[in-house]
Amino acid sequence: MTATETKPSTKKDPMLKHRNIGIMAHIDAGKTTVTERILFLTGVIHRTGEVHDGAATMDFLEEEQKRGITIQSAATAVNWDGHSINIIDTPGHVDFTAEVERSLRVLDGAVAVFDAVSGVEAQSETVWRQANRYGVPRMCFINKMDRVGADYDKAVASIISRLSARPVVIQAPVGAEKDFKGVVDLMEMKYYRFDEEDGNQITELPIPEELTDEMARRRHDLCETIAEFDEELLDMFVEDEPLPNDRLKEVLRKATLAMEVTPVLCGSALKDKGVKFLCDAVISYLPAPVDLPPVEGMHPRTKEEEKRERIPGAPVSLMAFKTIAEPTGDLTFVRVYSGTLRKGSKLMNPRTGKSERIGRIVRIHASKREAVDEVPAGEIAAIIGLKLTVTGDTLCDEAHPIALSEINFPEGVIAMSLEPDKGEDRDKLGEIIGRMVREDPTFRATTNEETGELVISGMGELHLEVMVNRIKNDHNCNVKTGRPKVSYKQRLTAPLETIATFKRQSGGRGQYAVCHVRFEMTEDPETVFEFHDKIKGGNIPREYIPAVGKGLEMGVKSGGKLGFPFVNVSATVFDGKYHDVDSSELAFQQAGHLAFRQACENNITLLEPIMKVEVRVPEEFLGAVVGDLNSRRGEVGEVDTLDDLRIVRGQVPIAEMFAYSSALRGATQGRGSYAMELQEYREVPMHIASKVFESND
């Protein structure tokens with residue numbers, strides 16, 4: 001039995017032999033390479049493809065192969081030590097964070113991969129927070145231990161300082177950089193040396209004498225941490241008694257599933273070093289579906305809490321977490337939480353209230369598919385041909401309905417106009433955009449009602465560049481784009497009350513409605529719109545009040561004169577007038593819309609996306625980079641040191657960061673790198689807001 005193997009349970013339940021995991025990290029930390037080595041090790045593929053050569057199995061999109069990065073999450077399944085493991089390889093670039101979001105929503109565990117030189121990087125923090133939000137237990141793999149500058153202890157320390165996590169080192173490297181020879185399993189206190197030519201060839205040896213004291217200290221730290229979670233072990237530790245390895249593994253597993261600690265291993269995936277131990281640790285310390293509590297949701301009609309046991313015999317419930325639009329019908333990835341998904345069955349979508357018939361079901365391995373007739377609880381598969389189901393929807397047993405919590409996706413921060421080269425391609429482009437919006441919930445498209453201009457928005461320049469290239473190359477539709485623009489938001493500057501009167505008279509029955517509306521800010525700044533009814537005495541008949549709310553909401557969503565979305569709007573209708581003959585729902589809807597337009601007159605505050613930025617540069621360029629960020633309205637928060645690099649962290653408006661990669665290359669002789677993600681929206685300074693208002697008049 002290898003160093004990290006343990007049996008999580010003696011129950012004879014096939015679900016105990018199953019794992020659903022994600023591989024997550026910052027770009028270039030080696031996620032896809034780790035996945036590729038697992039596929040090779042488990043016999044799924046017979047030769048490995050390299051990311052840098054554009055030949056990785058999991059990066060099968062043309063754009064991924066061309067750029068050498070993961071753009072969309074890819075699913076596969078492997079078998080290891082009698083267990084089946086579903087693996088999702090997720091992107092590391094912040095522009096494709098939605099792929100990580102939806103993957104973590106349906107996964108049970110995750111492996112966080114870190115570069116042994118860089119430790120925790122900007123996007124590592126983002127994906128770690130996402131995993132925290134969805135309660136996903138995880139373990140860490142410190143990769144690239146053979147790189148120049150690799151420092152295992154420094155990488156582990158960064159997990160503590162940057163992620164506020166509690167790593168438990170269960171493996172220690174022997175050597176580093178070109179001298180990385182193997183690992184010591186601190187559970188078993190055994191040394192495993194990797195063959196230089198084939199990292200999967202491992203020799204068990206005694207721990208080198210010069211490392212005995214260091215490994216004893218590391219073992220002591222390991223036992224001390226794990227003993228905190230078990231009284232019996234703690235008593236033994238205090239009495240200086242030897243702690244049994246089986247018990248240590250059992251308690252470490254429980255603490256990992258409770259997200260109290262995170263086991264840490266190391267290796268070099270590119271050289272196949274440490275991947276075997278990583279697979280063992282996935283089985284030992286990450287959860288099986290039945291290790292998790294019942295899945296929770298609510299009854300779509302009564303809104304009462306509902307729970308489902310994660311077993312094949314329960315009423316079926318599943319979540320659609322990813323869509324790939326194809327000419328033959330959408331391919332919808334689903335996670336089955338309870339019951340058994342069967343071909344030919346009918347399931348209800350609580351969002352629409354309608355039923356879907358399940359046609360073809362397939363298991364996915366990257367770009368390949370295997371048809372199956374049923375999928376039990378705990379599994380991930382895909383359904384071909386669903387008509388009404390989109391990302392985040394629940395499908396469930398009609399007799400036992402449940403709506404699972406939705407997936408929340410961030411809104412885009414930049415936008416650009418888009419039009420086809422040929423006028424006759426306009427309808428074709430509309431169909432293509434419709435497919436891509438179904439596939440990627442962070443990719444949005446709107447048409448300006450006044451100009452008829454099509455505007456697409458996304459998470460960053462790279463995101464939109466990839467989408468436009470896919471329109472041109474994958475869908476064979478040539479398009480012209482405008483310059484990227486900031487996706488601003490708007491809110492009302494001050495609370496106010498307004499009286500909106502809507503009158504129309506055209507010979508016959510007219511239209512008449514008056515509503516008094518009070519506008520304020522919502523208590524939750526993230527809320528887009530709230531509507532409150534405070535009508536007393538029947539000044540507006542009850543049947544017309546929802547129409548007022550609908551008209552107000554239409555005004556909020558229209559974006560007013562500028563077209564940017566509004567947030568933080570609370571509207572209360574508290575008085576009004578109606579006419580027995582001329583009043584109607586349409587009249588009150590129009591009055592509500594008019595009330596919002598009136599509230600916007602000279603009462604708008606513009607909000608802009610502020611990006612959290614991390615720039616890594618050689619020390620000699622530090623001054624130039626900091627000065628440049630300050631000139632971009634940036635606020636530099638801290639400067640850290642990593643060997644001969646300086647890490648600059650701060651916040652900068654995205655309006656000032658267009659084409660920053662070119663500017664950084666020029667300022668650092670091509671030796672600088674950066675990452676950024678949305679941090680918050682802030683009020684735009686008046687002198688800049690006035691220019692935006694003028695340019696949109």
Side-chain angles (χ1 to χ4, degrees), residues 298 300-304 351 403 405-406 408 410-411 446 449 487-504 510-608 680-684 686 689 693:
M298 69 176 184
R301 290 187 294 274
T302 66
K303 307 302 181 186
E304 293 180 357
R351 180 181 60 83
S405 60
E406 297 177 351
N408 295 316
E411 293 184 18
T446 57
E449 294 180 7
S487 289
Y488 293 102
K489 290 184 180 181
Q490 303 179 87
R491 71 168 179 231
L492 299 179
T493 303
L496 57 79
E497 294 181 1
T498 185
I499 301 172
T501 302
F502 182 77
K503 289 182 182 181
R504 289 287 185 275
Q511 297 283 358
Y512 178 82
V514 179
C515 59
H516 298 225
V517 183
R518 181 185 307 114
F519 290 93
E520 299 167 296
M521 313 303 171
T522 58
E523 291 185 9
D524 180 3
E526 299 296 318
T527 300
V528 174
F529 174 68
E530 288 179 355
F531 175 62
H532 304 282
D533 168 20
K534 296 293 183 184
I535 292 292
K536 294 178 182 176
N539 290 352
I540 298 178
R542 306 306 310 169
E543 62 268 26
Y544 295 150
I545 292 173
V548 176
K550 186 175 181 182
L552 287 163
E553 188 171 12
M554 285 171 54
V556 170
K557 289 183 176 179
S558 71
K561 291 181 180 178
L562 298 180
F564 301 125
F566 277 88
V567 293
N568 206 198
V569 178
S570 174
T572 303
V573 59
F574 62 91
D575 203 356
K577 295 178 183 177
Y578 73 101
H579 188 277
D580 287 335
V581 176
D582 290 347
S583 287
S584 65
E585 285 189 19
L586 178 61
F588 275 98
Q589 182 176 311
Q590 293 295 330
H593 199 164
L594 177 61
F596 186 74
R597 288 211 306 270
Q598 292 174 182
C600 292
E601 290 295 327
N602 301 314
N603 191 36
I604 289 175
T605 295
L606 205 59
L607 306 174
E608 65 179 341
E680 61 182 350
Y681 274 80
R682 284 187 203 161
E683 189 172 325
V684 179
M686 185 55 69
F693 291 141

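What you see below is based on every heavy atom in this structure, not just the backbone, and it leaves out hydrogens, waters and symmetry mates. Nothing fancy with the numbering, it's 1 onward along the sequence.
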Open item on the list: For a quick test of reading the model, state the closest non-hydrogen atom pair linking A403 to P300 and the distance between them.
Closed with: N-CD, 4.3 Å
Task: Least distance between heavy atoms, S584 atom then Q511 atom - done: OG-OE1, 2.6 Å
Open item on the list: Please report the interatomic distance CD(E601) to CG(L492), rounded to the nearest 0.5 Å.
Closed with: 11.5 Å
- [ ] Please collect all salt bridge (Lys or Arg N to Asp or Glu O under 4.0 Å) contacts where either partner lies in residues 562-574, sequence neighbours excluded, each pair once.
- [x] none
- [ ] Look up atom NZ in K489 and atom OG1 in T605, then write down how far apart they are to the nearest 0.5 Å.
- [x] 14.5 Å
Open item on the list: Tell me every residue that passes salt bridge (charged side-chain N to carboxylate O under 4.0 Å, His left out) with E680, counting only those two or more places apart in sequence or in another chain.
Closed with: R682
Acceptor/donor pairs from residues 540-553 side chains to any protein atom, 3.5 angstrom cut, sequence neighbours excluded:
from	atom 1	to	atom 2	distance (Å)
R542	NH2	D533	OD2	2.2
Y544	OH	S583	O	3.3
E553	OE2	K557	NZ	3.4

Open item on the list: My understanding is that only residues two or more places apart in sequence, or in another chain, count here; which of them pass ring-ring contact (aromatic ring centres under 6.0 Å, His included) with F566?
Closed with: F596
Task: Heavy-atom closest pair, residues E608 and E683 - done: OE2-O, 4.5 Å
- [ ] Using the test side chain to side chain contact (heavy atoms under 4.5 Å, CB included), find all partners of D580 that sit at least two apart in sequence or belong to another chain.
- [x] Y578
Task: salt bridge (charged side-chain N to carboxylate O under 4.0 Å, His left out) involving E497 - partner list, sequence neighbours excluded - done: R518
Task: V684 to A689 - nearest heavy-atom pair and separation - done: CG1-N, 3.6 Å
Open item on the list: Any heavy-atom pair between the side chains of V573 and F531 that's under 4.5 Å?
Closed with: yes
Task: ring-ring contact (aromatic ring centres under 6.0 Å, His included) partners of Y488, counting only residues at least two apart - done: F564
Open item on the list: Taking side chain to side chain donor-acceptor pair (under 3.5 Å) as the definition, give me every residue that meets it alongside Q589, ordered by chain and number, with sequence neighbours left out.
Closed with: none
Task: E520: partners by salt bridge (charged side-chain N to carboxylate O under 4.0 Å, His left out), with sequence neighbours left out - done: none
Task: Residues forming a side chain to side chain contact (heavy atoms under 4.5 Å, CB included) with T501, sequence neighbours excluded - done: I499, K503, V514
Open item on the list: Any side-chain to backbone donor/acceptor pair from Q490 onto G559? Under 3.5 Å, distance only.
Closed with: yes
Open item on the list: The criterion is side chain to side chain contact (heavy atoms under 4.5 Å, CB included); which residues satisfy it with L496, sequence neighbours excluded?
Closed with: T498, F519, A599, N603
- [ ] Find out whether R597 and K561 are in side-chain contact, i.e. whether some heavy atom of one side chain is under 4.5 Å from a heavy atom of the other.
- [x] no
Task: Minimal non-hydrogen separation, A500 against A591, with atom names - done: CB-O, 3.3 Å
TODO: Go through the structure and list residues passing side chain to side chain contact (heavy atoms under 4.5 Å, CB included) with N539, not counting sequence neighbours.
DONE: D575
Open item on the list: Let me confirm one number: the CG-CG distance from L606 to L562, rounded to the nearest 0.5 Å.
Closed with: 6.5 Å
Task: Residue pair L594 / Q590, side-chain heavy-atom distance below 4.5 Å - done: no
